[in-house]
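Encoded as structure tokens, the structure appears first; notes follow it.
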Amino acid sequence: MSVTPRWSRKKPHFPLLAVLFLVFISCSILYNEFRIQQIHESPDHGSASGTQRTSFTFVKPNLPNGASEVLDRFRSCNSTKSYSGRKIRWADPDSESSRRRSTRQESCDVFSGKWVFDNQSYPLYQESDCPYMSDQLACHKHGRSDLQYQYWRWQPHNCNLKRWNVYEMWEKLRGKRLMFVGDSLNRGQWISMVCLLQSVIPADKKSMTPNAQLTIFRAEEYNATVEFLWAPLLVESNSDDPVNHRLAERIIRPDSVLKHSSQWEHADILIFNSYLWWRQGPVKLLWSSEKNGACEELDGLGAMELAMGAWADWVASKVIPLKKRVFFVTMSPTHFWSQEWEPGSEGNCYNQMRPITTEGYWGSGSDLPTMRMVDKVLSGLGSKVSVINITQLSEYRKDGHPSIYRKFWETLNPQQLANPASYSDCIHWCLPGVPDVWNELIFHLL
Ligand SMILES: *[C@@H]1O[C@H](CO)[C@@H](O)[C@H](O)[C@H]1NC(C)=O
Ligand SMILES: *[C@@H]1O[C@H](CO)[C@@H](O)[C@H](O)[C@H]1NC(C)=O
Ligand SMILES: *[C@@H]1O[C@H](CO)[C@@H](O)[C@H](O)[C@H]1NC(C)=O
Ligand SMILES: *[C@@H]1O[C@H](CO)[C@@H](O)[C@H](O)[C@H]1NC(C)=O
């Protein structure tokens with residue numbers, strides 16, 4: 001401790017005993033902080049058996065709380081203090097379901113494999129044939145002329161994926177509601193699913209409700225719907241408006257999914273995602289019990305862990321595996337730094353036309369601590385949830401993003417236009433493209 005001598009110099013008559021005492025105090029503070037961090041990095045959900053964790057307050061999530069005000073985009077924090085350390089304790093998953101998961105585990109890992117060029121069977125539909133295509137994802141329409149990104153098949157190492165069959169998929173969906181819940185990446189996957197499915201339904205037998213928080217594609221003959229619910233942070237938040245969510249601060253209710261679950265609880269098949277919205281800096285927490293609008297502030301990963309806890313509580317207490325299927329889609333990678341796959345280069349996904357072929361390539365956009373946290377939450381839920389682990393396979397697809405070939409809502413200035421990489425979208429995915437394969441994985445596992 002180099003601090004002590006300087007102190008001693010300033011206060012020469014400071015008693016030695018007091019100095020030792022102070023050193024002891026600061027050491028134990030440091031030790032405790034480290035321990036908190038450790039707990040923070042490897043949360044132990046649901047079980048209170050540990051001895052160190054008694055210092056945290058555990059909150060039971062998803063309690064109906066009629067008194068708490070609606071959290072919408074006009075809401076702001078009355079004040080903000082630092083995080084109190086409150087954690088979510090979700091319903092204990094029964095040990096039986098965990099056991100069933102391990103026996104159900106497939107022998108083949110469909111998420112481990114490689115991309116194979118296949119212009120015979122791909123794309124599975126034409127961009128211009130899908131009336132529900134989004135201008136954010138229609139890359140060919142917006143000027144992309146290299147179309148190779150549409151021609152790749154995912155080939156698992158040790159088995160084959162079930163061949164996509166649109167009629168078989170509709171039979172699986174007959175009389176059911178399939179709902180995607182999440183952010184714009186999940187919305188892209190929903191559009192992909194609608195495009196994959198819609199071609200065999202006559203125009204007068206299908207419909208799409210206008211864009212709202214819940215958007216519904218309906219196919220009459222099958223009495224089935226394919227829906228999308230905008231809930232980028234899973235829990236209730238000030239960003240739940242599907243259009244107006246560019247806000248200065250993110251406020252979440254870390255202990256409640258009730259606002260959203262009331263919309264998703266009657267779906268038969270649920271596909272969740274959440275990731276990138278937690279990567280934009282600290283998040284404000286507005287606990288349900290807080291009556292004066294006072295918020296706490298927490299880093300994105302910590303906040304996501306709380307939200308995943310509230311979500312997991314709903315899954316653990318409400319999902320009966322034989323009646324409802326729940327999928328969680330892992331983080332979708334971004335490709336903003338070409339130096340990561342091509343050392344020395346300075347670009348991003350712009351002008352990338354081929355997948356990465358280095359087995360196991362992993363970019364810095366896919367956060368490993370987040371993956372570990374998600375891993376832990378999902379394994380605690382046993383057979384109640386199936387993981388769609390798209391991260392590694394999508395990591396290879398630096399060629400799959402819209403880059404400049406999409407509609408941009410804001411006007412681009414001349415400097416931007418002179419440097420296309422500066423405004424490239426390396427987050428979302430062109431359609432037809434990578435999300436079609438995510439949906440083939442769902443088809444395979446359904
Ligand atoms: C598929 O790709 C090969 C090689 O690039 C090319 O020769 C062939 O014409 C393509 N076939 C179709 C149907 O596009
Ligand atoms: C259509 O599906 C809903 C469930 O989504 C079900 O309640 C209803 O009975 C079905 N109707 C027919 C005619 O099968
Ligand atoms: C903000 O805090 C004050 C004092 O604690 C309280 O009177 C007021 O109602 C709070 N405002 C909101 C919106 O909760
Ligand atoms: C997803 O796959 C990666 C390897 O590609 C693995 O490290 C990670 O634990 C998996 N995540 C989940 C939630 O299964």
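Whatever order the structure lists ligands and atoms in, that order sets their numbers, starting from 1. In this chain, residues are counted from 1 in sequence order.
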* Asked: Got a sec, which pairs hit disulfide bond (SG atoms under 2.5 Å apart) with one end in residues 197-290, sequence neighbours left out?
  ->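 Residue pairs with at least one partner in residues 197-290: there are none.
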Carboxylate-amine/guanidinium proximity below 4.0 Å for [X] and [Y]:
| X | Y | result |
| --- | --- | --- |
| Asp268 | Lys176 | no |
| Lys162 | Glu440 | no |
| Arg177 | Glu227 | yes |
| Lys284 | Glu249 | yes |

* Does Arg89 count as lying over the ring of Phe58, i.e. NZ or CZ under 6.0 Å from the six-ring centre, within 45 degrees of the axis? ->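 Yes - Arg89 lies over the ring of Phe58, closer than 6.0 Å to its centre and within 45° of its axis.
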* Asked: N/O to N/O below 3.5 Å, does that happen between Thr330 and ligand 4?
  ->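 No.
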* Should the pair Phe408 and Tyr423 be assigned to parallel (<30°), tilted (30 to 60°) or perpendicular (>60°) ring geometry? ->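 Rings of Phe408 and Tyr423: perpendicular, over 60°.
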* Just distances here: any N/O of Asp268 and N/O of ligand 2 closer than 3.5 Å? ->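 Between Asp268 and ligand 2, no N or O pair is found under 3.5 Å apart.
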* Counting heavy atoms only, which part of Met371 comes closer than 4.0 Å to ligand 4: side chain, backbone, both or neither? ->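 Under 4.0 Å from ligand 4, Met371 contributes side-chain atoms alone.
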* **side chain to side chain donor-acceptor pair (under 3.5 Å) between Gln213 and Asp240, intermediate numbers included** => CA-CA 7 Å; Gln213 199 197 358; Asp240 293 335; 4.9 Å; no
* To do: Examine ligand 4 and decide if any of its atoms is less than 4.0 Å from a heavy atom belonging to Asp375.
  =>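 Per 4.0 Å heavy-atom rule, Asp375 contacts ligand 4.
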Contacts table for ligand 1: protein N or O within a distance under 3.5 Å of ligand N or O, distances only.
from: ligand 1; atom 1: 2 (O); to: Asn119; atom 2: ND2; distance (Å): 2.3
from: ligand 1; atom 1: 11 (N); to: Asn119; atom 2: ND2; distance (Å): 3.0
from: ligand 1; atom 1: 14 (O); to: Asn119; atom 2: ND2; distance (Å): 3.3

